[in-house]
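See structure below.
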2 protein chains.
Amino acid sequence: MKNQLLKGDALTLLPTLEACSFDALITDPPYASGGLTAGARQKPPSEKYVQGGKSALHADFAGDERDQRSHLRWMVMWLSECARLLKEGAPVCLFTDWRQLPLTTDALQCAGFTWRGITVWDKTEGVRPQLGRFRNQAEYVVWGSKGSMPLQRRAPVLPGVIREPVRKADKLHMTGKPTALMRQLVRICEEGGRVLDPFAGSGTTLVAAQLEGYSWLGCEMTDHYVEVAGQRLAAL
Amino acid sequence: MKNQLLKGDALTLLPTLEACSFDALITDPPYASGGLTAGARQKPPSEKYVQGGKSALHADFAGDERDQRSHLRWMVMWLSECARLLKEGAPVCLFTDWRQLPLTTDALQCAGFTWRGITVWDKTEGVRPQLGRFRNQAEYVVWGSKGSMPLQRRAPVLPGVIREPVRKADKLHMTGKPTALMRQLVRICEEGGRVLDPFAGSGTTLVAAQLEGYSWLGCEMTDHYVEVAGQRLAAL
DNA sequence: CCCTTCTATGAATCGTGCT
DNA sequence: CAGCACGATTCATAGAAGG
């Protein structure tokens with residue numbers, strides 16, 4: 001199966017793809033979680049996620065200004081499209097932060113998937129330490145499957161907590177994940193299978209999939225990141 | 001303030017305590033999460049959580065056979081009682097597993113607390129591997145506060161992920177937590193404050209509180225564990 | 001006392017087969 | 001057919017046993 005990076009909105013592109021043609025869904029959708037108030041959430045991500053008065057390092061990305069209710073509906077919409085594209089028993093991994101974790105497990109299950117657990121990404125460094133509080137040093141991968149997941153799948157035992165620091169040189173998107181982290185995660189896919197990432201961003205999931213011997217298809221609607229991801233994938 | 005270990009049901013005991021007299025709520029309630037079917041959930045914990053036909057190492061504990069709906073209602077009931085007992089701004093820490101995490105964040109917020117984050121207990125590797133799956137090696141601490149939480153509280157910066165293996169000699173309850181883990185957690189309480197644990201079990205939270213210089217009050221309804229906890233605390 | 005070898009265990013889960 | 005009981009499975013680590 002040919003690898004492809006498609007430019008456009010996942011909700012438009014997914015319906016054009018062939019049913020039952022993917023072995024795993026692994027993606028990092030917009031969290032829509034920055035900001036305590038609805039108003040603060042509607043600022044573009046480059047203002048929302050930047051500390052202090054620093055200028056934005058990364059281009060804005062789309063799809064991050066919904067309120068909780070709309071965000072859930074939107075998650076269920078694209079997840080349901082993905083359910084059609086996945087083979088029976090295929091695993092699903094969705095990144096989320098603590099604030100959106102319950103919404104993410106709801107969305108996964110509303111879309112008809114079986115929720116099977118949570119894997120923790122431990123960033124190891126304290127992000128914004130605050131006296132008298134716990135550090136906010138983890139993000140979460142909500143994972144599950146389309147229907148039952150036979151034990152004879154060709155996939156290894158995978159870690160439930162992945163300790164991986166964020167390295168600037170390896171972060172090409174505002175919410176980009178370390179390549180080493182993604183290389184661990186994609187291994188939930190059956191050996192040599194085909195990985196779907198409808199929110200490819202700077203393409204780290206696709207790069208990891210390629211490095212681990214999978215084929216892949218990604219969608220990304222922001223021109224800038226389609227170019228970034230394209231270059232990274234071409235350089236492999 | 002005198003330290004006390006009370007014997008009885010939390011829902012009965014909590015209303016008898018004085019309002020605004022605690023600086024932190026730190027507890028590990030029954031999760032009611034084992035078992036795929038209603039029937040399986042009603043088995044005692046020693047059968048539910050132990051593999052194979054091995055004989056039970058620890059005595060059973062009560063309150064683990066509710067379904068999701070009743071479990072939520074019950075959580076909100078005792079949490080609301082605790083809200084009355086806590087001072088304004090006091091932190092709350094609730095243990096939970098991946099399956100009950102969304103329910104726990106709901107319960108915390110339904111009872112009127114502000115949800116502030118999740119802290120991860122990483123049990124480290126060695127926990128029941130399964131091919132083709134992520135290891136289930138973490139439990140979670142949902143934490144928050146009664147109302148706003150001033151930054152000038154006398155409490156240190158605390159870790160967001162705590163790596164701590166389970167040691168047999170340090171585990172006196174089927175679901176007992178390591179003392180080292182609890183010593184880290186209780187430090188969310190303001191220096192020298194008073195800690196409440198309505199589900200004391202073998203008393204690890206109270207032991208940790210004592211070791212870290214806090215005063216404490218615990219409730220436990222199972223005779224056996226009241227005795228175990230009493231002995232541990234007396235031995236300090 | 002230190003090192004090596006061995007064994008037991010885990011807040012499970014899946015699939016089968018019986019009721 | 002739905003629901004439930006039961007056996008099989010996975011491996012890093014702790015802790016015991018032995019040299």
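To find a chain, count down the sequence lines: A is the first, B the second, and so on, and within it residues start at 1.
Nearest to the side-chain atoms of B/R135 among the listed nucleotides D/dT10, C/dA11, D/dA12 stands D/dA12. When the nucleotides D/dA12, D/dT10, C/dA11 are ranked by their closest atom to the side chain of B/D28, C/dA11 comes out on top. In the set D/dC11, C/dT13, D/dT13, the nucleotide with an atom closest to the side chain of B/E125 is D/dT13. Minimum atom distance to the side chain of B/K123 is reached by C/dA11, of the listed C/dG15, C/dT13, C/dA11. Of the candidate nucleotides D/dA14, C/dT13, D/dT10, D/dA14 has the atom nearest to the side chain of B/P165. Each of C/dG15, D/dA12, D/dT10 was ranked by its minimum atom distance to the side chain of A/P150; first place goes to C/dG15.
Applying the 5.5 angstrom centroid cut-off and the 30 degree plane-angle cut-off, the aromatic ring of B/Y31 is stacked upon the base of C/dA11.
One atom, CG of B/L101, and another, C1' of C/dA11, lie 14 Å apart when rounded to the nearest Å. Atom CE in A/M149 sits about 11 Å away from atom P in C/dG15, given to the nearest Å. In this structure, the CD atom of B/Q100 is 13 Å from the P atom of C/dA12, given to the nearest Å. Rounded to whole angstrom, the span from the OH atom of B/Y225 across to the P atom of C/dA11 amounts to 13 Å. Rounding to whole angstrom units, NZ of residue B/K177 and C1' of C/dG10 are separated by 13 Å. A straight line from NZ of B/K171 to P of D/dA14 spans 14 Å, rounded to a whole angstrom. Taking atom CD of residue B/Q137 and atom C1' of nucleotide C/dA12, one finds them 14 Å apart after rounding to whole Å. Computed from coordinates, the A/L158 CG to D/dC11 C1' distance equals 13 Å when rounded to whole Å.
Between B/R128 and C/dA12 there is a side-chain N or O to OP1 or OP2 distance below 4.0 Å.
The salt bridge (Lys or Arg N to Asp or Glu O under 4.0 Å) test applied to B/E65 returns no partner, not counting sequence neighbours. When the ring pair (Phe, Tyr, Trp, His ring centres under 6.0 Å) test is applied to A/Y214, no partner is found at least two apart in sequence or on another chain. Among residues two or more places apart in sequence or in another chain, the ring pair (Phe, Tyr, Trp, His ring centres under 6.0 Å) test is passed with A/W121 by none. In terms of the ring pair (Phe, Tyr, Trp, His ring centres under 6.0 Å) criterion, A/W216 has no residue partners (sequence neighbours excluded).
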Task: Intra- and inter-strand pairs of DNA chain C in dot-bracket (Watson-Crick or G-U wobble, both distances under 3.5 Å; | for another strand) - done: .|||||||||.||||||||
Throw together a table of side-chain donor-acceptor distances under 3.5 angstrom for residues 226-236 of chain B, partners on residues two or more places apart or in other chains.
from, atom 1, to, atom 2, distance (Å)
B/R232, NH1, B/S202, O, 2.9
B/R232, NH1, B/S202, OG, 3.4
B/R232, NH1, B/T204, OG1, 3.0

Using residues 217-224 of chain B as the side-chain source, report each donor-acceptor pair under 3.5 Å to any protein atom, sequence neighbours left out, with the distance given to one decimal.
from, atom 1, to, atom 2, distance (Å)
B/E220, OE1, B/G201, N, 2.7
B/E220, OE2, B/T222, N, 3.0
B/E220, OE2, B/T222, OG1, 3.3
B/D223, OD1, B/K7, NZ, 3.3

Contacts under 3.5 angstrom, residues 160-170 of chain B side chains, donor-acceptor by atom type, not counting sequence neighbours:
from, atom 1, to, atom 2, distance (Å)
B/R163, NH1, B/D122, OD2, 3.4
B/D170, OD1, B/T179, OG1, 2.7
B/D170, OD2, B/T179, N, 2.8
B/D170, OD2, B/T179, OG1, 3.4

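Here the side chain of A/R84 pairs a donor or acceptor atom with the backbone of A/L14 at under 3.5 angstrom.
Among the protein residues, B/W98 comes within range of the sugar-phosphate backbone only, with heavy atoms under 4.0 Å from sugar or phosphate atoms but none that close to a base. Among the protein residues, A/P159 comes within range of no part of the nucleic acid, since none of its heavy atoms lies under 4.0 Å from any strand.
Side-chain contact check for A/Y31 versus A/E139: some heavy-atom pair is nearer than 4.5 Å. A 4.5 Å side-chain heavy-atom check between A/I118 and A/L101 finds at least one atom pair inside the cut-off.
Less than 6.0 angstrom separates the ring centroid of B/F134 from the ring centroid of A/W143.
Separation of the P atoms belonging to D/dA8 and C/dA11 is 22 Å when rounded to the nearest angstrom.
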Nucleotide N/O to protein N/O under 3.5 Å, stretch nucleotides 16-19 of chain C:
none

Scan nucleotides 15-17 of chain D against the protein and return all N/O pairs shorter than 3.5 Å with their distances rounded to 0.1 Å.
from, atom 1, to, atom 2, distance (Å)
D/dG15, OP1, B/K168, N, 2.9

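Residue-to-nucleotide proximity on DNA chain C shows that, of B/D97 and A/S148, the 5′-proximal contact is made by B/D97.
Legend: salt bridge (charged side-chain N to carboxylate O under 4.0 Å, His left out) pairs involving residues 15-29 of chain B, not counting sequence neighbours, sorted by first then second residue: B/D23-B/K87, B/D28-B/K177. Here salt bridge (charged side-chain N to carboxylate O under 4.0 Å, His left out) pairs that include residues 153-162 of chain A, with residues two or more places apart or in two chains, are A/R154-A/E190.
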